[in-house]
Amino acid sequence: GLETDDLQNARMAKHWNGVKAYALDKRRQVAMTESWAQKYADTGVTFVSMHPGWADTPGIQSALPGFSERMDDKMRTPEMGADTI
């Protein structure tokens with residue numbers, strides 16, 4: 001299931017993995033958005049979660065260098081990622 005008892009990723013303190021932390025936090029964000037959308041469905045409030053896709057940013061280049069090299073010409077630009085709607 002979705003880990004909700006370690007939102008600061010403290011269990012990773014000794015063996016930090018930024019990629020895993022990002023993936024966990026992104027999944028939590030999507031799950032919370034879905035939960036709030038259901039809980040407040042009849043209030044007129046809309047909850048939305050978005051992901052910019054794979055954008056060629058310094059974060060991707062440093063966290064996933066092999067992926068970044070292989071996908072170099074297939075990733076979105078940082079500007080395209082920022083313009084996600």
M12: hydrophobic cluster co-members (side-chain, 4.5 Å): W16, L24

Could you give the distance from NZ (K39) to CZ (F47), rounded to the nearest 0.5 Å? 9.0 Å

Find the distance between CH2 (W54) and CE (M71) and round it off to the nearest 0.5 Å. 9.0 Å

Taking every non-hydrogen atom, the tightest pair across [X] and [Y]:
| X | Y | answer |
| --- | --- | --- |
| D25 | R28 | OD1-NH1, 2.6 Å |
| K26 | S49 | NZ-OG, 4.3 Å |
| A55 | G81 | CB-CA, 4.5 Å |

Restricting to salt bridge (charged side-chain N to carboxylate O under 4.0 Å, His left out), what partner residues turn up for D6, sequence neighbours left out? R11

Taking only residues two or more places apart in sequence, or in another chain, which ones meet M32 in a side-chain contact (heavy atoms from CB on, under 4.5 Å)? W36

What residues form a side chain to side chain donor-acceptor pair (under 3.5 Å) with Y40, not counting sequence neighbours? none

Using the side chain to side chain donor-acceptor pair (under 3.5 Å) criterion, which residues pair with S35? Sequence neighbours excluded. none

Solution key, residues 59-68 side-chain donor-acceptor pairs under 3.5 Å, sequence neighbours excluded:
{"unit_1": "Q61", "atom_1": "NE2", "unit_2": "D56", "atom_2": "OD1", "d": "2.8"}
{"unit_1": "S62", "atom_1": "OG", "unit_2": "P58", "atom_2": "O", "d": "3.1"}
{"unit_1": "S62", "atom_1": "OG", "unit_2": "G59", "atom_2": "O", "d": "3.3"}

Does atom NZ of K20 have more than 12 heavy-atom neighbours from other groups under 6.0 Å away? no

